[in-house]
Amino acid sequence: VLCDDSADQALLDLCDQTHTENWYNGNDAVVLNCESYDVDVIGQVGYDPGTEWGSGDESTADNTLIRDCSITTGDSNTTDIFDPTNGDWTGYPQDTFTDLGSHTTCY
């Protein structure tokens, strides 16, 4: 779990690593990479959605997105369309830290 060092203390208590720059504002793609293999992406690399991807609580700006329990693998295609309202994600209000750093499956 990577966090901005100015995050809420409840979040900082759950972080594995902090970063000193405010680097994410909701409209940047973020790629999780392991040994040169793209494991997962939030957003679409090379595309600017304007303010955010999605809408309402299911958007990448000032919300918490949690993958649906039926999703068991990441999206490794960094350039495909990203839409958090497609049923793969559930949106919650900002600073919802429930299950941070884990993924519960439905099975």
Side-chain angles (χ1 to χ4, degrees):
V1 176
L2 177 63
C3 303
D4 186 279
D5 67 339
S6 64
D8 184 275
Q9 187 60 49
L11 177 58
L12 290 171
D13 292 343
L14 302 170
C15 292
D16 297 308
Q17 182 178 351
T18 59
H19 197 277
T20 59
E21 297 179 25
N22 247 340
W23 56 274
Y24 187 75
N25 61 7
N27 71 350
D28 301 305
V30 178
V31 179
L32 176 63
N33 184 281
C34 180
E35 298 180 6
S36 300
Y37 175 73
D38 295 330
V39 177
D40 201 3
V41 61
I42 295 177
Q44 180 181 1
V45 174
Y47 177 75
D48 182 353
T51 306
E52 62 195 358
W53 278 281
S55 61
D57 280 345
E58 290 179 327
S59 80
T60 55
D62 300 326
N63 294 301
T64 299
L65 292 174
I66 298 177
R67 276 255 172 73
D68 184 83
C69 64
S70 66
I71 306 302
T72 58
T73 60
D75 175 10
S76 61
N77 184 345
T78 63
T79 59
D80 65 347
I81 294 171
F82 178 75
D83 180 7
T85 66
N86 69 358
D88 290 356
W89 300 89
T90 301
Y92 297 92
Q94 184 176 4
D95 295 336
T96 301
F97 308 134
T98 307
D99 297 325
L100 182 67
S102 65
H103 180 70
T104 303
T105 61
C106 303
Y107 312 103

Using a cut-off of 6.0 Å, state whether more than 12 heavy atoms not belonging to Glu35 lie near its atom CD.
-> no
Taking the side chain as every heavy atom from C-beta outward, state whether [X] and [Y] have any atom pair closer than 4.5 Å.
X: Thr64; Y: Pro93; result: no
X: Asp4; Y: His19; result: no
X: Asp80; Y: Asp75; result: yes
X: Tyr92; Y: Ile66; result: yes
X: Asp40; Y: Arg67; result: yes

The remaining residues in the hydrophobic cluster of Val45, counting side-chain heavy-atom contacts under 4.5 Å among Ile, Leu, Val, Met, Phe, Trp and Tyr, are Val31, Val41
Applying side chain to side chain contact (heavy atoms under 4.5 Å, CB included) to Leu14 and not counting sequence neighbours gives Phe97, Leu100
Separation between [atom1] of [X] and [atom2] of [Y], rounded to the nearest 0.5 Å:
X: Asp48; Y: Asn27; atom1: CG; atom2: CG; result: 5.0 Å
X: Ile42; Y: Asp28; atom1: CD1; atom2: CG; result: 12.0 Å
X: Trp89; Y: Thr60; atom1: CH2; atom2: OG1; result: 10.5 Å
X: Thr90; Y: Leu65; atom1: OG1; atom2: CG; result: 9.0 Å
X: Gln44; Y: Ile81; atom1: CD; atom2: CD1; result: 6.0 Å
X: Cys3; Y: Leu12; atom1: SG; atom2: CG; result: 6.0 Å

If every non-hydrogen atom of [X] is compared with every non-hydrogen atom of [Y], which pair is closest and at what distance?
X: Pro84; Y: Trp53; value: CG-O, 3.6 Å
X: Asp62; Y: Gln94; value: O-CB, 3.3 Å
X: Ser70; Y: Cys106; value: N-SG, 3.3 Å
X: Ala61; Y: Glu52; value: CB-OE1, 3.2 Å

Any luck finding a side-chain donor-acceptor pair between Asp57 and Ser59 under 3.5 Å?
-> no
Any donor-acceptor N/O pair, Asp38 side chain to Leu32 backbone, under 3.5 Å | no
Donor-acceptor pair, side chain of His103 and main chain of Thr73, under 3.5 angstrom = no
